[in-house]
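Here's the structure, in structure tokens; my notes come after.
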Amino acid sequence: MKSHKNIFLQFIIIFFIINISLRAQTEITGFFDLVSYQNLVTKSEHNFFINQFELDVSYAHKTHFSVGSAVAFNNQTEQMELAMAFVHYSFIDGPALHPRRKETYDHSAFLFGKFDMPFGLDYLSFASADRPTITQPLVIEKTIGGWNDIGIDFHMFNGKFKFDIWAVNGFRDGVNLGGNLRYTIIPSLEIGFSHASDFTKFKFSNEWINGIDLQLNSKVFQFQTEYLWTKGIYEGAMDSMLTSDMHHGV
């Protein structure tokens, strides 16, 4: 009887330690916004509705391995959808870090799953939590359209240089291959170049997008700008009506 009590006590202690460990390494965040709407022209009834809702859960394990996931509310279908689900495996040895859209420490890593594509500059600010009360810029809406995709990404940050290369589903049938290269000219000035091309059956399918971006950061203000131009891609999908047309935006 005494041995059973000891085993039970050990089980409780182990469970307590594991529970504390998981709580310490698991992070839950999220946001939502409430919109008040009334059409003054038609004098329709006043309505409140949820515009966006997102719940994020991340888990950091030891030094190399972390997981991120998010579910978001689609107010058009009024359903919850999977927004992100990815594994981040870093090759460096260091403290366990929770995955972020913006990674600022030097490392090299693979990213597997469903994630926001690191194309250009504005992917860091898709969510309304990062841009409260401000809609997505028109140049983003009419080109990559808040690009979120499924595939694999390899990235390396080393001092002034940062780069990503990826293979994901892309804008049509096949695969999208692309990359992002960033260079910090001076501590407050960074320039970036991005490119992505669709391939179908191992052949270039003539849909692509390029981008150049610049950001200047100081203690007083922040300036950001980017120029995107595409062929055959419109609003984050294949441009079925104007496949030979070019689209430019800044």
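One-based numbering along the sequence shown. For the numbers below, each heavy atom of this structure counts, side chains included, while hydrogens, waters and symmetry mates do not. This one's a predicted model, so the numbers in the text were calculated from it and none came from an experiment.
A distance-only check finds a donor-acceptor pair linking the side chain of Ser218 to the backbone of Val220 [under 3.5 Å]. The closest donor-acceptor contact from the side chain of Ser66 to the backbone of Ala60 lies at 3.5 Å or more, if one exists at all.
Side-chain atoms of Arg182 and Glu190, non-hydrogen and from C-beta on, do get closer than 4.5 Å to each other. At a threshold of 4.5 Å between non-hydrogen side-chain atoms, the residues Asn210 and Phe193 do not count as touching. Side-chain atoms of Val250 and Thr225, non-hydrogen and from C-beta on, do get closer than 4.5 Å to each other. Between Gln215 and Leu121, some side-chain heavy-atom pair lies under the 4.5 Å cut-off. The shortest distance between side-chain heavy atoms of Leu177 and Phe199 falls below 4.5 Å.
In this structure, Ala83 and Lys114 approach most closely via the heavy-atom pair O-CE, 3.5 Å. Shortest non-hydrogen contact noted between Leu214 and Leu189 is CD1-CD1, 3.6 Å. Here the closest non-hydrogen pair linking Asp56 and Ala70 is OD1-CB, 3.0 Å. Counting all heavy atoms, side chain and backbone alike, Thr230 lies closest to Ile233 at OG1-O, 2.8 Å. When every heavy atom of Gly211 is checked against every heavy atom of Leu228, the shortest pair comes out as CA-CD2, 3.5 Å. The shortest heavy-atom contact between Thr26 and Val57 is CG2-CG1, 4.2 Å.
In this view, Phe223 satisfies the ring pair (Phe, Tyr, Trp, His ring centres under 6.0 Å) rule with no residue, not counting sequence neighbours. Residues that satisfy the ring pair (Phe, Tyr, Trp, His ring centres under 6.0 Å) test with Phe161, not counting sequence neighbours, are Tyr183. Shown here are the side-chain hydrogen bond (donor to acceptor under 3.5 Å, both in side chains) partners of Asp198, two or more places apart in sequence or in another chain: Asn176. Not counting sequence neighbours, Phe119 has no partner by the ring pair (Phe, Tyr, Trp, His ring centres under 6.0 Å) test. Listed by chain and residue number, Glu27, His98, Pro99 satisfy the side chain to side chain contact (heavy atoms under 4.5 Å, CB included) test with Ser58 (two or more places apart in sequence, or in another chain).
Under the 3.5 Å distance criterion, with hydrogens and angles disregarded, a donor-acceptor pair is assigned to the side chains of Asn217 and Gln222. Between the side chains of Trp147 and Asp149, at least one donor N or O lies within less than 3.5 Å of an accepting N or O. Between Thr143 and His247, the side chains place no donor N or O within less than 3.5 Å of an acceptor N or O (distance only, hydrogens not considered). A donor atom on one side chain and an acceptor atom on the other are found under 3.5 Å apart for His155 and His88.
In this structure, Glu207 does not pair ionically with Lys231, as no charged nitrogen and carboxylate oxygen lie closer than 4.0 Å.
Among pairs with a residue in residues 67-82, none fulfils salt bridge (charged side-chain N to carboxylate O under 4.0 Å, His left out), at least two apart in sequence or across chains.
Relative ring orientation between Tyr105 and His107 is described as parallel, the plane-to-plane angle staying below 30° on a 0-90° scale split at 30° and 60°.
Phe154 pairs with exactly one of Phe112, Tyr89, Phe110 by the ring pair (Phe, Tyr, Trp, His ring centres under 6.0 Å) rule, that one being Phe110.
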